[in-house]
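By convention here, the first residue in the shown sequence is residue 1. Just so it is clear, the model here is predicted, and its values are computed rather than measured.
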Amino acid sequence: MHVLILNQTFHPDVAATAQHMWDLAQHLAAHGHRVTALTSRHLYGTSRPAGEAYEKIGNIEVHRVGGTSYGKGGLLKRSADFGSFYAAAGLKLVQLPAPDVILALTSPPLIAGLAMMQRTFRMSDGGRPVRFVYHVMDLYPDAAVASGLFRAGGATDRALGQVTAQTLRSADGVIALGRDMRDRILARYGRYVRAGRIHVVPPWADGRELYPIGKSDNPLAVEMGLGDTFNVVYSGNLGVAHDVRTIIEAIELTAGNERIRWLFIGGGKGFDQLRDQASASHRPHVRILPYQPRERLNESLNLADVHLVSQLPPFVGLVVPSKLFGIMAVAKPTIMIGPAGAECSRILAEHDAGLVIPNGDARGLAGAIE
């Protein structure tokens with residue numbers, strides 16, 4: 001088959017969806033399929049270039065389209081970035097050969113609508129309609145409502161909800177990251193998509209790339225002087241869907257324990273809050289680092305004695321933090337700060353892989369760590 005992956009990020013970006021799609025593209029290419037990726041020319045949330053407008057990496061063809069690159073500078077700037085990417089990606093899709101299958105993700109929101117139109121109006125080289133698989137990484141506009149951007153049931157929510165509904169109706173298959181996401185899709189959009197067309201496919205981790213190593217054998221732990229401390233690590237994006245407040249309060253509660261080190265490795269709005277709090281409180285046991293290169297991800301994840309995953313209640317079923325699966329690959333326990341019904345909480349409970357602490361229970365989080 002000829003498979004086209006449609007997503008705002010792709011290799012060499014460090015965003016989770018970029019890395020997962022790179023894994024998938026390599027897997028498909030290794031099994032004899034032709035793979036094309038259509039993505040942005042800029043690294044996610046920045047104005048830095050991701051690569052050339054066109055390049056071939058092994059057998060994978062990558063087309064990068066331009067657009068504005070204001071980054072995460074507010075709703076209007078992000079909307080401009082999204083809108084310019086929609087336009088550039090839509091034009092490029094028309095110019096590219098029609099694939100057999102388009103795998104469309106949700107970055108930026110509702111980009112899968114372009115795949116829906118391709119399915120409606122184009123035929124593949126084999127003379128068959130283009131097939132379309134909708135990979136729901138974040139459920140929109142529901143996630144925007146949960147974050148306070150739109151009012152639930154308001155005009156914007158209803159209008160964008162209809163776009164999602166028609167996209168789900170059009171899709172030949174729908175991929176949800178967890179059982180809670182499948183249930184959330186069916187609760188609002190069950191009129192448009194049958195349960196049998198929704199496939200629960202969790203994010204993955206490659207055991208050849210991510211595996212346990214001891215601190216004494218971890219070059220990054222040695223470099224950072226973290227071989228003898230108890231390291232609590234949050235790795236990846238810390239944004240509006242995540243519980244930053246409970247973590248900040250737990251940091252204060254453990255300030256007197258000299259063995260504990262808190263490491264935050266990644267990015268997102270929550271990192272700014274953590275940086276401000278650590279600076280204001282003069283907390284040397286908190287370290288904040290940027291995203292690490294993928295070739296150092298195994299070392300980075302293995303810094304931890306325990307990892308943190310968090311999710312706010314309104315976002316259950318709208319996002320599934322993919323970091324948990326890399327954490328499990330390196331055999332580290334996890335403390336999940338979030339509702340018991342969230343997919344990550346259920347996985348931890350079913351596999352005895354960590355603890356679940358309710359949102360707002362900072363003393364419970366500090367006690368679990370201690």
Side-chain angles (χ1 to χ4, degrees), residues 9-28 30-31 105 135 137 175-181 199-224 226-227 230-238 241-242 261-268 289-311 319-338 342-357 368-369:
T9 65
F10 193 71
H11 178 79
D13 208 312
V14 296
T17 57
Q19 297 192 40
H20 278 88
M21 291 305 100
W22 174 240
D23 291 342
L24 178 63
Q26 292 180 95
H27 180 83
L28 290 169
H31 285 74
L105 280 71
H135 199 332
M137 290 285 189
I175 296 173
L177 299 183
R179 293 160 289 184
D180 58 350
M181 183 176 281
H199 308 268
V200 176
V201 182
W204 53 80
D206 187 338
R208 297 164 298 180
E209 184 179 11
L210 301 179
Y211 50 86
I213 53 175
K215 287 183 189 175
S216 60
D217 298 319
N218 186 343
L220 190 56
V222 174
E223 287 173 25
M224 298 179 64
L226 295 170
F230 187 88
N231 304 323
V232 183
V233 175
Y234 186 98
S235 177
N237 181 58
L238 187 60
H242 307 119
R261 294 291 183 273
W262 295 76
L263 280 82
F264 298 88
I265 306 170
L289 304 172
Y291 281 105
Q292 298 299 295
R294 181 155 180 171
E295 56 268 21
R296 301 208 78 174
L297 181 59
N298 194 52
E299 297 173 14
S300 176
L301 292 176
N302 273 289
L303 288 173
D305 291 283
V306 63
H307 275 274
L308 301 180
V309 174
S310 80
Q311 189 168 12
V319 299
V320 174
S322 61
K323 59 178 60 67
L324 175 62
F325 303 90
I327 294 166
M328 295 179 78
V330 300
K332 301 295 182 181
T334 298
I335 299 176
M336 168 67 172
I337 308 148
E343 182 70 9
C344 289
S345 300
R346 293 169 70 177
I347 290 171
L348 291 176
E350 290 163 359
H351 298 283
D352 193 24
L355 303 172
V356 178
I357 302 295
I369 291 167

Point to revise | side-chain contact (heavy atoms from CB on, under 4.5 Å), paired with P203, selected from H20, K323, Q19 | key: H20

Practice item. Of all the heavy-atom pairs spanning I357 and A368, show the shortest one and how long it is. Key: CD1-CB, 4.2 Å

**Study point:** Gap between atom OG of S235 and atom CG of L303 - 0.5 Å precision
**Key:** 9.0 Å

Check your understanding: So H135 and L177, side chain to side chain contact (heavy atoms under 4.5 Å, CB included) or not? Walk me through it.
Key -> CA-CA 8 Å; H135 199 332; L177 299 183; 3.7 Å; yes

Review point. Any idea which heavy atoms bring F10 and A25 closest together, and the distance?
Key: CZ-CB, 3.9 Å

Revision key, fill the gap. Interatomic distance, OG@S310 vs CG@L238, rounded to 0.5 Å, equals 6.0 Å

Exercise for review: Could you walk me through whether I175 and M181 pass the side chain to side chain contact (heavy atoms under 4.5 Å, CB included) test, one step at a time?
Suggested key: CA-CA 10 Å; I175 296 173; M181 183 176 281; over 6 Å; no

Review point. Would you say E209's side chain and L297's backbone share a donor-acceptor pair under 3.5 angstrom?
Key: no

Check your understanding: About how many Å separate CG of L220 and CG of L226, when rounded to the nearest 0.5 Å?
Key -> 8.0 Å

**Study point:** Q292 side chain to P290 backbone, donor-acceptor under 3.5 Å
**Key:** yes

**Study point:** Shortest non-hydrogen contact between Q311 and V319, atoms and distance
**Key:** NE2-O, 2.9 Å

Check your understanding: So, for V222 and S216, which heavy atoms are closest and what is the spacing to 0.1 Å?
Key -> CG2-O, 4.3 Å

**Study point:** Side-chain heavy atoms of M137 within contact of S322, under 4.5 Å
**Key:** no

Review point. How long is the span from the CG atom in L289 to the CZ atom in F264, to the nearest 0.5 Å?
Key: 11.0 Å

Exercise for review: Of all the heavy-atom pairs spanning G268 and N237, show the shortest one and how long it is.
Suggested key: CA-OD1, 3.5 Å

**Study point:** Flag, side chain of D305 to backbone of N231, donor-acceptor distance under 3.5 Å
**Key:** yes

Check your understanding: Between atom CG of D206 and atom CZ of F325, what is the distance when rounded to the nearest 0.5 Å?
Key -> 15.0 Å

Exercise for review: Take the angle between the ring planes of H31 and H27 and call it parallel below 30°, perpendicular above 60°, tilted in between.
Suggested key: tilted

Practice item. Any chance you could measure W262, atom CH2, to I369, atom CD1, to the nearest 0.5 Å? Key: 3.5 Å

Exercise for review: Give a yes or no answer on whether the side chain of H307 reaches the backbone of L324 with a donor-acceptor pair at less than 3.5 Å.
Suggested key: no

Check your understanding: Do D13 and W22 have side chains that get closer than 4.5 Å, going by heavy atoms?
Key -> no

Review point. Can you name the side-chain contact (heavy atoms from CB on, under 4.5 Å) partners of V330, sequence neighbours left out?
Key: L210, N298, L301, N302, K332

Review point. Would you say D180's side chain and E343's backbone share a donor-acceptor pair under 3.5 angstrom?
Key: yes

Practice item. Could you pull out the closest heavy-atom pair between V356 and G338, with the gap in Å? Key: CG1-O, 3.6 Å

